[in-house]
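Working notes, structure below.
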Amino acid sequence: MGGVLEHLRWPLNKRLPYGPCVPLRMRRIDLPIMQLETAKEILGEVFDTSSSEVDEMIRQRLAEREEGL
């Protein structure tokens, strides 16, 4: 469980891989990607599954959501 809490703080502590020359709009795109990757890592740890299994869980949820529309 301690690993999960560490992942919650991870985006705040992680240095961004680009310098001040990169436009702000590109930095905004990276934040949702970082949040998704962090959420996937948390799900993998909570459910004790691999990243491919987490991806499959997400695909199934999206398919279920699309069927409900």
Side-chain angles (χ1 to χ4, degrees):
M1 190 67 173
V4 172
L5 296 177
E6 186 60 36
H7 284 292
L8 292 175
R9 290 188 292 269
W10 173 75
L12 300 175
N13 297 333
K14 184 170 174 55
R15 287 189 168 264
L16 298 175
Y18 38 71
C21 298
V22 175
L24 186 59
R25 63 185 163 82
M26 290 181 72
R27 295 180 194 185
R28 288 188 186 137
I29 293 171
D30 289 342
L31 182 60
I33 293 170
M34 286 175 31
Q35 290 172 335
L36 177 61
E37 290 301 318
T38 301
K40 288 165 110 180
E41 290 177 20
I42 292 169
L43 285 171
E45 187 170 324
V46 167
F47 292 109
D48 193 29
T49 61
S50 67
S51 61
S52 61
E53 291 173 317
V54 170
D55 288 338
E56 183 59 30
M57 288 171 34
I58 292 170
R59 280 190 206 99
Q60 287 177 354
R61 284 293 180 143
L62 291 173
E64 290 171 4
R65 185 180 292 174
E66 288 177 2
E67 289 175 2
L69 294 178

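- T49 OG1 to E56 CD: the interatomic distance, rounded to the nearest 0.5 Å, is 11.5 Å.
- If you take CD on E45 and CD1 on I42, they are separated by 8.0 Å, rounding to the nearest 0.5 Å.
- Distance check: R59 CZ to D55 CG gives 5.0 Å after rounding to the nearest 0.5 Å.
- For I58 against K40, the heavy-atom pair with the smallest separation is CD1-CG, 3.9 Å.
- Taking CD of E37 as the start and CD of E41 as the end, the distance is 7.0 Å to the nearest 0.5 Å.
- Side-chain contact between F47 and E53 is absent, with no heavy-atom pair separated by less than 4.5 Å.
- No chain of hydrophobic side-chain contacts below 4.5 Å, direct or via other Ile, Leu, Val, Met, Phe, Trp or Tyr residues, connects L31 to L36.
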